[in-house]
Amino acid sequence: MTSLRTNTELEGEAGEPSFRRLVLRSVAHIIRLYSSSLITECEVFLSMLLKVTFLELPLWHRILVLEILRGFCVEARTLRVLFQNFDMHPKNTNVVDGMVKALARVVSNVQVQETSEESLAAVAGMFSSKANGIEWSLDNDASNAAVLVASEAHAITLAVEGLLGVVFTVATLTDEAMDAGELESPRCDNDPPVKWTGKAAVLCYSMVDSVWLTILDALSLMLSRSQGEAIVLEILKGYQAFTQACGILRAVEPLNSFLASLCKFTINFPVEIEKKSALQSPGPKRSELSVDLRDSIVLTPKNVQALRTLFNIAHRLHNVLGPSWVLVLETLAALDRAIHSPHATTQEVSTLVPKFTRESSSQYSDFNILSSLNSQLFESSALMNISAVKSLLSALCQLSHQCMSSASSGLAPASQKIGSISFSVERMISIVVNNVHRVEPFWDQVVGHFLELADHSNPHLRNMALDALDRSISAILDSDRFLDYKQFKLPKTSQEIEGSTSELKPLECSVISVLKVLYFSTQSVDVRVGSLKILLHVLERHGEKLHFSWPNILEMLRSVADVPEKDLVTLGFQNLQVIMNDGLSTIPADCLHVCVDVTGTYSAQKTELNISLTAIGLLWTMTDFIAKGLLNKSLEEKETGAGSIVKQIDSEKMEEQALGVSKDIRDQATYLYDVDCQKLLFSVFSLLQNLGADERPEVRNSAVRTLFQTLGTHGQKLTKGMWENCLWNYIFPTLERASHMAATSSKDERQGKELGTRGGKAVHMLIHHSRNTAQKQWDETLVLVLGGIARILRLFFPFLKSLDKFWSGWELLLHFVENSYLNGSKEVALAAINCLQTTVISHSSKGNIPMPYLVSVLDIYELVLEKPPSYGSNAATKVKQEVLHGLGELYVQAQGMFNDDMYTRLIAIISIAVKQAMLINDNFEVEFGNVPPVLRTILEIIPLLRPTEHISSMWLILLRGFLQYLPGEDSRLQSEDDKSDHARSSIIVPDSQKYKAPNGTASVSPDKVTSSGTGSTAAVNAGLPSYIFAEKLVPVLVDLFLQAPVVEKYIIYPEIIQSLGRCMTTRRDNPDSALWRLAVEAFNRILIDYVSKLIYSGPDSGFSRPARTRIWKEIADVYEIFLVGYCGRALPSNSLSALVLEADESLEMSMLKVLGDTVLKLPIDAPTDILWRLVSTLDRCASRTCSLPVETVELMPSHCSRFSLTCLQKLFSLSSCSNEADWNLTRAEVSKISITMLMTRCEYILSRFQTDENELGEHPLPKARLEEIVCVLLELARLVIHPDTASSLPLHSYLRSGLADDNEKPHRRPHLFVLLPSFSELVLSRELRIRELVVALLRLVSKELSLEKLCLTNEKNSSR
């Protein structure tokens, strides 16, 4: 192989080497060529060659022998023949074994040589030169020592090459046997035979069994002592070749031994002594040593190449490694720790280099390559056969178990062992991920180990196991094997789905059942929480892909609801939420009822209140889902002509709904086609009904709301039979139970939840007083039930009334309403009343309420307003207010259903409420100054009670029904002062001018008030100390009266006017009351309205003259009584403020204005006697100042004199004729009457003034008396009368004839002739102003007599 040249040859030995070399070559050729025929001779030759290696011969001699042996070893044919002829023959010597041992002995001698290191370096150089194609040679000037080292290296090289030749020969022979079919490829899936039978296979197996141990010792020694890259690579190639051959031959022991030896060269671990010294070192030193220990993990090139060799072997033999995987995995786990360790490095970078500079070094390229190889090894598990994968998993489990035991016993650092366990777990996950297409055979093996980890005491391991389970399950479910459930829409049940996806059932069940096993196999809350989190992830990501595992999932979630741990219940419910919100359409139809039961379980659990409330909301979600199936069936029933509630309620709406149904909804409805939707829906209703009796008010209230909201939302999809079931099995039983619980629950106050302590005392949450007892809380629930029933009736009453037994249910509801009012609480009574009102009002306008239902509601209302309840008066008032509002709205909505009898009963019911309110609240107005609430409500609804056209005669009932609550006839309207005033004024009123009573039956004195009020009303009003209700009632009644039809208005006119008159007469006893003021305003409105329509429309021919006359008589009565007896009167001092007095005076003036400027000046149809009474009323009011003694006039308030003067001015206005265009017959008649009274009044005033002035002498007259006479004199001067008016003046006949001849004269003042005597007497008055006014009047008289012109003529004649 290599020539050894020396500078000198030893004496006596010249030519000896070449001779021996020739001999040895000859022997070698003989052995190669004739070993089969010359067995004995060849055996002798081989034995001699082997002995040479043991003899103390010159080194060159041994080298020659080693070259021959190396040649035999590297030649596969020669070695095979030798092994067959000798080693495999029992009678012959094992020459091949001897050759291998001889070569190994040469290698092993390197341990005892003094120059071993130099020799090994030379050996490395020789292998390096050969690898580079360069012949290795020694320098010519090398010393003898160098020559000796080179010779030794040469011998070692030959031995190593010979051993490697045997290794490669075994590999070659194994490959040939495999090609010949005697051996199976390691990638074959078939199990190997128990014993090889092929000749070549037996040869290979025997050769391996004979030489493996010797070769392993020699190669491992050289690999451990060598550092050269070339020799290391050659030896590692030998390792790989021999190991692969052992794998093919299924030679377990040699395989494991070579793998174990190879693994020792992969990673350099610190020696045990260093570990112990590090652990035993004191504090600071110990930390330094620990750092050094970590940094001492260095990957040399030899380590890297060894690892690569190991990866190659593993990839090549992955199907046959079997138990040997443990050796490989231990090494890979260490490599994984090194890769992820911040303290590991490769030899190319010094350990003294700072860490931050290592990122740019080549170590990371090595690490990246090794990491990639590590990952690829397990990714290639997809190419392994099943048994190989199981073996690999078993090895991973074994490695993990070993580390678990060590970690528990404390024999190794916990972080190191946990790192190995993590490596095992991660690689198991990788195997699962890469083998999801065939995961079934080894899934239990993987899961079993994960479950063991999950049951470990170390929390880090438990979390690791849970995460591994989550990732593994997700990987399987995320594979293409699990198709979307939407592809299996047509099957409806698990059995039907099984026909199309039966191969997935075992896998899916085994994958999901792990979570159930994990949950029930441990008592650790953390592990249970982890299992529920995994399930949550599965449902969120892959819920639509599950088919067969829903029973296990739901059963697991059902059991979670009963545990006391809040975290578990919360997680379990989160899983249920995902199912109910997103997964209902993917759950097998026969699992829906289980889903409903599980949701009910969470609703009933006591651990977390919010979960119960949210679970009830999920039941609503379920009903929405079920309703899609009901909708589909309803559409089909419509197509086939079958009746449904939707069709009965609104067929057009049904058609629109059918057209608007989206394709997705139809698809989901198809999914529920064969599901018993009715049964499923009723199961939800049963749960809600049971939850409606829960002891927690929040839960039962939520359940009640949900029950009725779902019925209201989806009721149109229910059939007639379903509605009957709902009414009698759910709705009315829920009402009865809630009513029973509200009646029987405790009334003791409850304390709220304890929040803590303060000052040694417990602090409780505050509870509102309306909910601090069990009974009050049940009342709240009962209110919700009633609200739900109201909603149902409002939506579906037209359909429900057609049910056979619905009237019985209606009667039950009526009985409950009655009982709630009499014996229940206020809020329950209000809710019960509202339940009836909502139903009747909603459907009465459409005519969907039969008369019996309407009458029954009125019966209940009447009962409520008549009988007192058991609770307080304030609460009863609220209920009655609600009833009254309901009555008003009921009439508005159902006007077409009210006939005369029904309307009369309605007014009677309201009258009952009024009288009850007056009796109960007799002191309310005095105490609070407000109308009682019930009466206030009545005032609000009165405008709503206007009778419709078909019952117009009921206007009289309406108006008369409320007129009775105005002041009656027993009210004292006049005082003795009025009587004395009337007596004095009667002196100047002739008997012929006195008027009769309004009804024409007997004469009535002016101070007497007539009334048509009833005795009962008087009794009621007698208890009222004020008129606040009447004050509010008057404007309402007037508004109603003005809206009444003409016929009814004429009939009720007299009664309205009488009632307003009685209200006006309350001024004397209650001057500060607003009643009389409002009555005055109302009277003016009515009178103006009457007169206006009379003028512009003319008298209604439908009414007789006497009827109209009666109206005018009542008007005259009111004017006479109020103006004479209650206006312009003196009031107690300081009783009213100046502003109020001014307003009252303005109101009096407005009344006078209406009378004087509107009524008496327009062409009304009032009889003459009525006109006389009206004018006489003004005259009597104008006599206030002049009829009083002079000493009394000084005491009279100013507003009284102003009122008297105004009345006097109205007389002048009525007597005058300022515009001929406005003159009419009524005006002429009024003018005649007023001029007569005016002249009499003026004559009395003038004469009284003269008398008073004479009596007082030098004393001045009162201001009021002076103002009065000045006003008279001025008005007389301005007054111009019509010729027709002048005809009624008491003048002499010659004056009358003169006036008749001079009718065309404008500005006629014949009235001055009547008063001329009085003027003449006043000429001598002491008051200058009076004398001047009298002089002016006398001049007017002269002018009126045409005496002015005569005087002027006489003056002209005298001047001439």
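Count residues from 1 along the sequence.
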Chemist: Judged by atom type as modelled, is there a donor-acceptor pair below 3.5 Å linking the side chain of Arg1309 to the main-chain atoms of Leu1337?
Modeler: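 No: the side chain of Arg1309 does not pair with the backbone of Leu1337.
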
Chemist: Spell out, as yes or no, whether a donor-acceptor pair under 3.5 Å connects the side chain of Thr1192 to the backbone of Leu1188.
Modeler: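 No; judged by distance alone, with no hydrogens or angles, the pair does not exist.
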
Chemist: Would you check if Ile1281 and Pro1310 make a side-chain contact, meaning some heavy-atom pair closer than 4.5 Å?
Modeler: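 In contact.
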
Chemist: Between Arg1227 and Lys1161, is there a side-chain heavy-atom distance shorter than 4.5 Å?
Modeler: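 SC-SC contact between Lys1161 and Arg1227 confirmed.
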
Chemist: Going through the distances and angles, do Met1064 and Met1151 end up as a side-chain contact (heavy atoms from CB on, under 4.5 Å)?
Modeler: CA-CA 12 Å; Met1064 294 160 64; Met1151 194 170 184; 3.1 Å; yes

Chemist: Examine distances only and state if a side-chain atom of Glu1114 and a backbone atom of Ile1057 form a donor-acceptor pair shorter than 3.5 Å.
Modeler: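 Not confirmed, Glu1114 side chain does not pair with Ile1057 backbone.
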
Chemist: Pairing donors with acceptors under 3.5 angstrom, does anything connect the side chains of Ser1073 and Glu1031?
Modeler: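 There is such a pair between these side chains.
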
Chemist: Distance check, rounded to the nearest 0.5 Å: Leu1075 atom CG versus Ile1028 atom CD1?
Modeler: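 Rounded to the nearest 0.5 Å, the CG-CD1 separation comes to 10.5 Å.
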
Chemist: So does Asp1072 get a backbone contact from the side chain of Asn1070, meaning a donor-acceptor N/O pair under 3.5 Å?
Modeler: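 No, Asn1070 side chain to Asp1072 backbone: no donor-acceptor pair under 3.5 Å.
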
Chemist: Taking all non-hydrogen atoms of both residues into account, name the closest pair between Leu1214 and Gly1156 and its distance.
Modeler: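 Closest approach of Leu1214 to Gly1156, heavy atoms only: CD2-O, 3.4 Å.
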
Chemist: Should we say atom CG of Leu1328 is surrounded by more than 12 heavy atoms from elsewhere, each under 6.0 Å from it?
Modeler: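 Correct, the count exceeds 12.
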
Chemist: For the residue pair Phe1083 and Phe1122, is the inter-centroid distance of their aromatic rings smaller than 6.0 Å?
Modeler: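 Centroid distance Phe1083-Phe1122: not below 6.0 Å, so no.
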
Chemist: So does Ser1213 get a backbone contact from the side chain of Ser1216, meaning a donor-acceptor N/O pair under 3.5 Å?
Modeler: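 Present.
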
Chemist: Dump the intermediate steps for salt bridge (charged side-chain N to carboxylate O under 4.0 Å, His left out) on Asp1157 and Lys1210, then the final yes or no.
Modeler: CA-CA 8 Å; Asp1157 298 341; Lys1210 291 300 178 184; 3.1 Å; yes

Chemist: If you count heavy atoms of other groups shown closer than 6.0 angstrom to CD of Glu1332, is the number above 12?
Modeler: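 Counting neighbours around CD of Glu1332, more than 12 heavy atoms of other residues, nucleotides or ligands fall under 6.0 Å, so yes.
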
Chemist: Are Asp1169 and Arg1173 close enough, and set up right, to give a salt bridge (charged side-chain N to carboxylate O under 4.0 Å, His left out), and what steps lead you there?
Modeler: CA-CA 6 Å; Asp1169 60 333; Arg1173 289 181 58 189; over 6 Å; no

Chemist: Any chance CD of Glu1327 has more than 12 other-residue heavy atoms, nucleotides or ligands included, within less than 6.0 Å?
Modeler: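 Counting other residues, nucleotides and ligands, CD of Glu1327 exceeds 12 neighbours.
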
Chemist: Measuring from Ile1052:CD1 to Leu1040:CG, what's the distance to the nearest 0.5 Å?
Modeler: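 Taking CD1 in Ile1052 and CG in Leu1040, the distance rounds to 11.5 Å.
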
Chemist: Run the side-chain contact (heavy atoms from CB on, under 4.5 Å) check on Met1239 and Leu1211 step by step: do they pass?
Modeler: CA-CA 10 Å; Met1239 293 298 100; Leu1211 287 176; over 6 Å; no

Chemist: Find the distance between CZ (Arg1077) and OG (Ser1146) and round it off to the nearest 0.5 Å.
Modeler: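 The OG atom of Ser1146 is 11.5 Å from CZ of Arg1077, to the nearest 0.5 Å.
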
Chemist: Please evaluate residues Asp1284 and Lys1232 with respect to the criterion salt bridge (charged side-chain N to carboxylate O under 4.0 Å, His left out), reporting the C-alpha separation (whole Å), side-chain torsions for both, the decisive distance (0.1 Å), and the verdict.
Modeler: CA-CA 8 Å; Asp1284 294 340; Lys1232 292 178 182 179; 5.9 Å; no

Chemist: I want to check something: taking the side chain as every heavy atom from C-beta on, are Thr1285 and Cys1217 in contact at a cut-off of under 4.5 Å?
Modeler: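 They are not in side-chain contact.
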
Chemist: So, for Cys1063 and Val1034, which heavy atoms are closest and what is the spacing to 0.1 Å?
Modeler: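 Scanning both residues completely, I find the closest heavy atoms to be SG-CG2, 4.2 Å.
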
Chemist: Work out which heavy atom in Pro967 is nearest to a heavy atom in Arg1062; give both atom names and the distance.
Modeler: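 Pro967 and Arg1062 have their closest heavy atoms at O-NE, 2.7 Å.
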
Chemist: Does Arg1085 form a salt bridge (charged side-chain N to carboxylate O under 4.0 Å, His left out) with Asp1039? I'd like the steps, not just the answer.
Modeler: CA-CA 10 Å; Arg1085 285 183 60 195; Asp1039 290 337; 3.0 Å; yes

Chemist: Run the side-chain contact (heavy atoms from CB on, under 4.5 Å) check on Cys1242 and Phe1212 step by step: do they pass?
Modeler: CA-CA 10 Å; Cys1242 290; Phe1212 279 101; 3.7 Å; yes

Chemist: Test your reading of the model: is there a side-chain donor-acceptor pair from His1311 to the backbone of Leu1276, 3.5 Å cut-off?
Modeler: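 A pair under 3.5 Å: yes.
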
Chemist: Do the side chains of Arg1067 and Glu1148 get close enough for a salt bridge, i.e. N-O under 4.0 angstrom?
Modeler: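 Salt bridge between Arg1067 and Glu1148, a charged N being under 4.0 Å from a carboxylate O: yes.
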
Chemist: With rounding to the nearest 0.5 Å, note down the distance linking OG in Ser1150 to CD in Glu1145.
Modeler: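 Going from the OG atom of Ser1150 to the CD atom of Glu1145 covers 11.0 Å.
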
Chemist: State whether the side chain of Arg1184 and the backbone N or O of Ser1204 hold a donor-acceptor pair below 3.5 Å, judged by distance alone.
Modeler: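 Not at all, since once roles are kept as given, no pair shorter than 3.5 Å links the two residues.
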
Chemist: If you take all heavy atoms of Leu1322 and Arg1331, which pair is closest and at what distance?
Modeler: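 Looks like O-CG, 4.3 Å.
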
Chemist: Indicate yes or no for a side-chain donor-acceptor contact from Ser1320 to the backbone of Leu1316 under 3.5 Å, with no hydrogens or angles considered.
Modeler: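 Here the side-chain-to-backbone pair exists.
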
Chemist: Is there side-chain contact between Leu1178 and Cys1181, with at least one heavy-atom pair below 4.5 Å?
Modeler: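 In short, these two side chains do not touch, never coming nearer than 4.5 Å.
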
Chemist: Please report the closest heavy-atom contact between Leu1208 and Ala1182, naming both atoms and the distance.
Modeler: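 So the two residues come closest at N-CB, 3.6 Å.
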
Chemist: Are the side chains of Leu1123 and Leu1155 in contact, using a 4.5 Å heavy-atom criterion?
Modeler: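 Contact flag for Leu1155/Leu1123 side chains = yes.
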
Chemist: Could you go step by step and tell me if Ile1235 and Leu1289 meet the side-chain contact (heavy atoms from CB on, under 4.5 Å) rule?
Modeler: CA-CA 7 Å; Ile1235 195 64; Leu1289 290 174; 3.6 Å; yes

Chemist: So do Leu1060 and Glu1081 actually touch side chain to side chain, heavy atoms under 4.5 Å?
Modeler: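 They are not in contact (no side-chain heavy atoms under 4.5 Å apart), so the answer is no.
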
Chemist: Closest approach of Leu1033 and Phe962, non-hydrogen atoms and distance?
Modeler: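 Scanning both residues completely, I find the closest heavy atoms to be CD2-O, 3.2 Å.
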
Chemist: For the residue pair Ser1325 and Glu1253, confirm or rule out a side-chain donor-acceptor distance under 3.5 Å.
Modeler: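 Looking only at side-chain atoms, Glu1253 and Ser1325 do form a donor-acceptor pair, the distance falling under 3.5 Å.
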
Chemist: Do Thr1177 and Arg1180 have a side chain donor and acceptor closer than 3.5 Å?
Modeler: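 Distance-only check fails for Thr1177 and Arg1180.
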
Chemist: Calculate, to the nearest 0.5 Å, the distance between atoms CD1 and OG1 belonging to Ile1164 and Thr1158 respectively.
Modeler: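 Rounded to the nearest 0.5 Å, the CD1-OG1 separation comes out at 10.5 Å.
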
Chemist: Report yes if the side chains of Trp1076 and Tyr1027 come closer than 4.5 Å at any heavy-atom pair, otherwise no.
Modeler: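 When only atoms from C-beta onward are counted, Tyr1027 and Trp1076 do not touch, as no gap falls below 4.5 Å.
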
Chemist: If you round to the nearest 0.5 Å, how far is CG of Leu1094 from CG of Leu1162?
Modeler: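 Rounded to the nearest 0.5 Å, the CG-CG separation comes out at 9.5 Å.
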
Chemist: For residues Tyr1119 and Trp1112, establish whether the separation of their ring centroids is below 6.0 Å.
Modeler: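 No, too far apart.
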
Chemist: Do Arg1202 and Ser1198 get their side chains close enough for a donor-acceptor pair, meaning under 3.5 Å?
Modeler: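 Yes, a side-chain donor-acceptor pair sits under 3.5 Å.
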
Chemist: Taking atom types as modelled and ignoring hydrogens, do the side chains of Ser1215 and Ser1234 form a donor-acceptor contact shorter than 3.5 angstrom?
Modeler: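 Looking only at side-chain atoms, Ser1234 and Ser1215 do form a donor-acceptor pair, the distance falling under 3.5 Å.
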
Chemist: Can you confirm whether Leu1338 sits close enough to Val1323 that some side-chain heavy atom of one is under 4.5 Å from a side-chain heavy atom of the other?
Modeler: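 Yes - at least one pair of side-chain heavy atoms lies under 4.5 Å apart.
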
